[in-house]
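Computed over heavy atoms, backbone and side chain alike; hydrogens, waters and symmetry mates excluded.
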Number of protein chains: 2
Amino acid sequence: MALSKNARKVLKVLARRGAPEVLFALGRGPARFSDLQAHLHLSPRTLAERLREYHVLGLVVRRAFSEVPPRVEYTLTARGKRVLDFLQVLEEILDSEEVKR
Amino acid sequence: MALSKNARKVLKVLARRGAPEVLFALGRGPARFSDLQAHLHLSPRTLAERLREYHVLGLVVRRAFSEVPPRVEYTLTARGKRVLDFLQVLEEILDSEEVKR
DNA sequence: CAGGATCCCTACGGATACTG
DNA sequence: CAGTATCCGTAGGGATCCTG
């Protein structure tokens, strides 16, 4: 009948600034904070926020290495990959309609 | 690689207040403005905005009858139905993951 | 009935500066 | 390097009042 809370939350995060881009980037493999920031033109504030949200939702894993200089790696979880595939399904849906016109 | 503009727009609208609810409600058949408002606890401002956005995206058709009192009916398009199905897929994805834990 | 216009409050996100 | 803290502008949405 209605949409589940989890789905709503994921939807909300996906609509935010840079959210899909981060997911697509991580879909190409694990990445570090600065890599993401450089490729996605996101302010550190926003990128950190997106990553934290994804982590809370269980879409992304964060691994910090105790080194100098510090290094942190972000990786998609299985759940994260599913959501990424899901986004591509949305594109297919909309594009197939586009062709019909 | 990245997400299409159309997909981004749809995503953005779907994350707004009451957006999924409106879609689910219309999935049960055509409805009038006041019906939707009563069932969904949305302010008229917000409901009108959602419906206009859906209309622009081609997810909803608006039919106004020149009567007194005026009557307007909203209906899902084929594209709208696909997006609704898509939302249910999202739930399935997240729930199946939930079970795994 | 089906909204538009207005006022107002809140949350998001950019820019910049600063730490562990 | 990988963030957090602060300041601040902009957009979303509630409440209320008004109209075709």
Before you tell me yes or no, could you show the steps for A/E21 and B/R8 under salt bridge (Lys or Arg N to Asp or Glu O under 4.0 Å), namely the whole-Å CA-CA distance, both residues' side-chain angles and the distance that decides it to 0.1 Å?
CA-CA 11 Å; A/E21 288 77 7; B/R8 287 239 42 158; 3.2 Å; yes

Scan B/F65 against the nucleic acid and name what it touches under 4.0 Å (heavy atoms): base, sugar-phosphate only, or nothing.
nothing

Nearest-angstrom distance from the residue atom CZ of A/R52 to C1' of D/dA2
12 Å

Does the side chain of [X] reach to within under 4.5 Å of the side chain of [Y], using non-hydrogen atoms?
X: A/L51; Y: A/R62; answer: no
X: A/Y74; Y: A/V22; answer: no
X: B/L87; Y: B/F24; answer: yes
X: A/I93; Y: B/D85; answer: no
X: B/V60; Y: B/L76; answer: yes
X: A/V72; Y: A/F65; answer: no
X: B/V61; Y: B/H55; answer: no

What are the residues of residues 20-28 of chain A, sorted by number, that bring a heavy atom to within less than 4.0 Å of DNA chain D?
none

Summary of salt bridge (charged side-chain N to carboxylate O under 4.0 Å, His left out) pairs that have at least one residue in residues 32-45 of chain A, sequence neighbours excluded
A/R45-A/E49

Donor-acceptor list for residues 9-18 of chain A side chains, cut-off 3.5 Å, not counting sequence neighbours:
| residue | atom | partner | partner atom | Å |
| --- | --- | --- | --- | --- |
| A/R16 | NE | A/E53 | OE2 | 3.3 |

About how many Å separate CZ of A/F33 and CG of A/L42, when rounded to the nearest 0.5 Å?
9.0 Å

Taking the ring of B/F86 and the ring of A/F86, is the distance between their centroids below 6.0 Å?
yes

Step by step, would you call A/L36 with A/L26 a side-chain contact (heavy atoms from CB on, under 4.5 Å)?
CA-CA 9 Å; A/L36 293 170; A/L26 290 177; 4.3 Å; yes

With B for base contact, S for sugar-phosphate-only contact and - for none (protein heavy atoms under 4.0 Å), nucleotides 7-15 of chain D reads -----SBBB

Residues in residues 30-38 of chain B with a heavy atom under 4.0 Å of DNA chain C, by number, are B/R32, B/F33, B/S34

With a strict under 4.0 Å distance from non-hydrogen atoms of chain A, what nucleotide opens and what nucleotide closes the contacted stretch of DNA chain C, reading 5' to 3'?
C/dC12 to C/dG20

